[in-house]
There are 2 protein chains.
Amino acid sequence: MNAPFPTGVEDDSVDLGALTGSVGFMLRMAQVAVYDQFFREFANTDVRPGEFSVLWVIAMNPDLRQGTLARTLNIKPAHMTKLVQRLVREGLVKRIVPPEDRRSVRLALTDKGRIHLNRHRSTFLHVHDAERIGLTDAETTQLLGLLQKLAFKDTSSCR
Amino acid sequence: MNAPFPTGVEDDSVDLGALTGSVGFMLRMAQVAVYDQFFREFANTDVRPGEFSVLWVIAMNPDLRQGTLARTLNIKPAHMTKLVQRLVREGLVKRIVPPEDRRSVRLALTDKGRIHLNRHRSTFLHVHDAERIGLTDAETTQLLGLLQKLAFKDTSSCR
DNA sequence: TATTGTTATACTCTATAACTATA
DNA sequence: TATAGTTATAGAGTATAACAATA
């Protein structure tokens, strides 16, 4: 992965200018770096961040409606349908159509889903621990607080 | 965009548990929120964040090599080829094959590219200003510092 | 009529490998 | 042989609109 000599000698000198002051740009750059860590950790498994978050939230909220899940995770309904179909096909999730509203779908983990979640839970939670991503504990706490403010600003300011 | 009444009455009660303590998950959630702001601001234009960053970096670094650009922005070479082709097709960028190494490609803005950049420069830089994203100036500075640490940890720790 | 979720379509981004032309 | 960039292909995510079943 690291060449013995830098392949692009110029790489150092690239000037990003004011881009490093753009929250949007820097969020993307940081996300790429942090996801790299994720995929290194979960190499040779079939665990993907989006899928795993979905399993997690279903586990925390039994009989969650599919639409509610989609809104919570900012996933479009059409995409959520495919994501859930995949999880059902893998035997991790089951769909329940409740008699009180037969348009809707409620989701729950299967036994296999629960086992899958438990197997990877601890790795998932600790991939991005402070030392792993090169921050101190205090910095990580600070960062999480700021990200929560950004991510949940609409919801929290409205009630 | 906002229904007069919450469409999913349950939405409040969804519990994300330890997910809100995962740097990776929260980076994604924050990015979605912040990009929403971007697309609201640039609605009805053809400006996209990735494309615009590329134009920006080319402007800051004349005669940048395409591969160097790709590595800097964490864009895969194959994707960079298509991205540049689009920018060339739009008349914003020109490709120069230097005689000293005719395998490589150096990039520069056209006049149209410079005009395009200047027209949107200020909007682009200020979409994510503190007040726009619901943070104080101090918080934004703090956030940017932490994101830079994450994004550039490999490069900065190696020299 | 409105809502829930699905299907269909299209475009972007990512990932990989095979290819070309140069070196 | 190795490198720079391209092409081709496939998968995942995103966005939109049209649709069926149900309310």
Side-chain angles (χ1 to χ4, degrees), chain A residues 1 3-11 28-29 31-32 35-36 38-40 43 46-54 63-71 73-90 93 95-107, chain B residues 1 3-11 28-29 31-33 35-36 38-40 43 46-54 63-71 73-89 93 95-107:
Chain A
M1 209 167 230
F5 298 100
T7 46
V9 189
E10 305 175 292
D11 285 26
R28 183 196 175 265
M29 293 295 280
Q31 204 195 6
V32 171
Y35 269 54
D36 256 19
F38 183 98
F39 288 113
R40 249 195 310 278
D46 52 353
V47 177
R48 275 172 299 173
E51 260 186 35
F52 201 79
S53 312
V54 165
D63 290 324
L64 187 60
R65 286 181 51 173
Q66 186 169 310
T68 308
L69 178 60
R71 275 187 298 277
L73 296 179
N74 282 308
I75 294 174
K76 289 275 170 298
H79 183 210
M80 186 54 84
T81 296
K82 283 196 283 184
L83 221 163
V84 168
Q85 281 170 343
R86 197 164 60 211
L87 293 171
V88 169
R89 207 179 318 123
E90 289 166 4
V93 164
R95 300 158 33 98
I96 300 129
V97 175
E100 77 274 13
D101 183 349
R102 304 191 356 86
R103 294 170 307 180
S104 67
V105 175
R106 293 184 178 271
L107 302 172
Chain B
M1 209 164 228
F5 297 100
T7 46
V9 189
E10 305 176 293
D11 285 24
R28 183 196 176 266
M29 295 293 280
Q31 203 195 6
V32 171
Y35 270 53
D36 255 19
F38 183 97
F39 288 112
R40 251 195 309 278
D46 52 353
V47 178
R48 275 171 299 173
E51 261 187 33
F52 202 79
S53 311
V54 165
D63 291 325
L64 188 60
R65 286 179 53 169
Q66 186 169 310
T68 308
L69 177 61
R71 276 187 296 276
L73 296 178
N74 282 309
I75 294 174
K76 289 275 172 295
H79 183 211
M80 185 54 83
T81 296
K82 284 196 280 185
L83 220 164
V84 167
Q85 281 170 344
R86 198 163 60 210
L87 293 171
V88 168
R89 207 180 318 124
V93 163
R95 302 159 31 99
I96 299 129
V97 175
E100 77 273 12
D101 183 349
R102 304 189 0 82
R103 292 170 306 182
S104 68
V105 175
R106 291 182 181 273
L107 301 172

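Throughout, protein chains are lettered first and strands after them, A, B, ... in sequence-line order, and every chain is numbered starting at 1.
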Among all residues two or more places apart in sequence or in another chain, which pass the side-chain contact (heavy atoms from CB on, under 4.5 Å) test with [X]?
{"X": "B:P98", "answer": "B:E100, B:S104, B:R106"}
{"X": "B:V105", "answer": "B:Q66, B:R95, B:L107"}
{"X": "A:E90", "answer": "A:E51, A:R86, A:L87, A:L92"}

Report summary line: Once base and sugar-phosphate atoms are separated, protein heavy atoms under 4.0 Å mark nucleotides 9-14 of chain D, 5' to 3', with B, S and - as ---SSB

Roughly how many Å is it from [atom1] in [X] to [atom2] in [N], rounded to a whole number?
{"X": "B:L87", "N": "D:dG5", "atom1": "CG", "atom2": "P", "answer": "16 Å"}
{"X": "A:Y35", "N": "C:dA15", "atom1": "OH", "atom2": "P", "answer": "12 Å"}
{"X": "A:R71", "N": "C:dT3", "atom1": "CZ", "atom2": "C1'", "answer": "10 Å"}
{"X": "B:E100", "N": "D:dA4", "atom1": "CD", "atom2": "C1'", "answer": "13 Å"}

Report task. Name the residue closer to the 5' end of DNA chain D, choosing between A:P77 and A:P99 according to the nucleotide with the nearest heavy atom. Result ->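 Residue closer to the 5' terminus by nearest nucleotide: A:P77.
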
Query raised in the report: Should A:Y35 and B:R28 count as side-chain neighbours, where that means a heavy-atom distance under 4.5 Å?
Result: yes

Query raised in the report: Less than 4.5 Å apart, any side-chain heavy atom of A:V32 and any of A:M29?
Result: no

Just the table, please: protein N/O against nucleotides 19-22 of chain C N/O, every pair under 3.5 Å.
from: C:dT22; atom 1: OP2; to: B:R102; atom 2: NH2; distance (Å): 3.3

Query raised in the report: Out of C:dG5, D:dT7, C:dT7, which has the shortest distance to the side chain of B:Q85?
Result: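 In terms of side-chain proximity for B:Q85, the closest of C:dG5, D:dT7, C:dT7 is D:dT7.
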
Below 3.5 Å is the cut-off: list the nitrogen or oxygen pairs between protein and nucleotides 18-20 of chain D, distance only.
none

